[in-house]
Amino acid sequence: MKKIYILLFSLFFVNQMFSQKKYLAKDGYISFFSHSLVEDIKADNNQVLSIIDKETGEIAIQLLMRSFLFKKALMQQHFNESYVESHKYPKAKFNGLIVNFEDLNDKNSNTEIKGTLSVHGKEKEISIIAKVIINEDEINISGDFMVEVADFNIKIPAIVRNNIAKIIKVTFQIKHKPYSK
Amino acid sequence: MKNLLLLFFISCFNVNFFAQNLDEILEQESPENDVVVFGTFNGTRILNGHSVETRKKGILEFLIHHRFGKVNSGADELFGLDESNIRLGFEYALSNNFTVAIGRSSFEKTFDGYLKYSLLKQKEGDQSFPISLTLFTSATEKTIKDYEPENKPSFSDRLTYTTQVLLAKKFSPNFSFQITPTYIHFNTNPSTIDPNDIFALGFGSRLKISKRVSINGEYFYATDSFKSIDAKNSIAFGIDIETGGHIFQLIFANSRSMLEKGFIVENTGDFLKGDIHFGFNISRAFQVNKSNDDQKLY
């Protein structure tokens, strides 16, 4: 009788492993770029978490703001302490849907991702032109989009207003692998 | 019946698992939440004394510290503004934890150099740690010719050494507190009744009143001090203003010297009687070397 339980239990377990068609990335790449007449500022984040549900085309992305690396250490400090306040708002999140997900394949990869971007405690609906490449054991997404700093209630003091662009370009490239747990 | 219940339980569990949304999976998969607490103090100084902060790798900081005379010295001296003491210094961060520095004060024409090492950092999360600990050691050399030509002291006679263990905790984004056990050694003392070795305990705090402005206070209690000059404990209050790569501190202190041996031991100002020196610290940080890209700073 006991054996049957174990069998039953493991059957369920195996079953859910296979039926869970989710694809996960733990080391996705997202960077942002600010261009101004005074200086160009770039920061990279190589620890982006992302997950795609292959059945519905849903996507969720999370990253830690403090994992953005800058060339200048002081910039990184000010970014965290004064601008995005990462002690109060540690994460940026995106929840959305890949449009026409079921029609995508290795030849047809251009699509749109629509959803809600949440940064610094503020949410905004955005739509991103993206490339989504679906292979047997991999889903790759890449693209870029623009965000307005003011939309996320991030205040830039007058003294550095000329150093930081009002519109920031965000670039992403994330490779998802099948997720099983 | 028991079997049925168990089956029911397992299937429930299973259904739950299927229903788990994407966000929950991401929360589960997030890396260990282990955050180094940064920005315990705005700058490398609380006011006169050092804070636990060290600069990140590759930063060269230029420091201009300035103290006027005593505010109670009267209108003839323009309330101390006629007198001026300045210390110019450079600090360079060899790594995120280790800083070397040199400086020179106009008061008694003193040269100083120090090493600062950030040994432990306050952390939150899974591997939390309650305090930050930084080690500080300095040497100063007085070069003013305040002696008779025939009694010229040797080089080592004019040296003093300071060693400090800086212990700080950031209690909240707005409030930080530091305790600073200090040991100071004078190679020569002004009089035979004065000690060569002095232990002191420092207390410093920062209270942020806005994102870029804070109010700081600092006090050093010396267990033993120079009796021949009736030395007083060091007291200082000030305001910190941070703008970009600059830190600007406005200071009211009862000491003229900006070196540990000066303001902790050789300090004669009585704060309550108006022996207050107004002054400021300005620092400008330059990134002269790239910080390590593959190393997380926080």
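Just so it is clear: chains get the letters A, B, ... in the order the sequence lines come, proteins before strands, and each one is counted from 1.
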Take a 6.0 Å sphere around NZ of A:K175 and say whether it holds more than 12 heavy atoms from other residues, nucleotides or ligands. no
Under a 4.5 Å cut-off applied to non-hydrogen side-chain atoms, are B:R212 and A:P157 in contact? yes
CG on A:L49 to CD1 on B:I25, rounded to 0.5 Å: 11.5 Å
Residue part contacting chain B, namely of A:K88, when any heavy atom lies under 4.5 Å: neither
Would you mind listing every ring-ring contact (aromatic ring centres under 6.0 Å, His included) that reaches into residues 116-162 of chain A, with sequence neighbours excluded? A:Y89-A:H120
Portion of A:L24 that has a non-hydrogen atom of chain B nearer than 4.5 angstrom: side chain
Side chains of A:I61 and B:L26 in contact at under 4.5 Å (non-hydrogen atoms): no
Less than 4.5 Å apart, side chain to side chain, heavy atoms only: is that true for A:N95 and B:L22? no
Can you tell if the side chain of B:E242 reaches within under 4.5 Å of the side chain of A:H78, non-hydrogen atoms only? yes
Spacing of A:Q76 atom CD and B:K56 atom NZ [to the nearest 0.5 Å]: 9.0 Å
How about A:Q173: does its CD atom have over 12 heavy atoms from other parts shown lying under 6.0 Å from it? no
Determine which pairs satisfy ring-ring contact (aromatic ring centres under 6.0 Å, His included) with at least one residue from residues 28-62 of chain A, sequence neighbours left out, and list them in order. A:F32-A:F68, A:F32-A:F70, A:F32-A:F79
Just checking B:K121: does its NZ atom have more than 12 heavy atoms from other residues, nucleotides or ligands closer to it than 6.0 angstrom? yes
Does NZ in A:K114 sit with more than 12 non-hydrogen atoms of other residues, nucleotides or ligands closer than 6.0 Å? no
As an exercise, state the distance from NZ of A:K71 to CD of B:Q287, rounded to the nearest 0.5 Å. 11.0 Å
Tell me, do B:V36 and A:R66 make a side-chain contact under 4.5 Å, heavy atoms counted? no
For A:S50, is it the side chain, the backbone, both, or neither that has a heavy atom closer than 4.5 Å to a heavy atom of chain B? backbone
Tell me, out of A:H87, A:Q62, A:E58, A:K26, who's got the most heavy-atom pairs with chain B below 4.5 Å. A:Q62
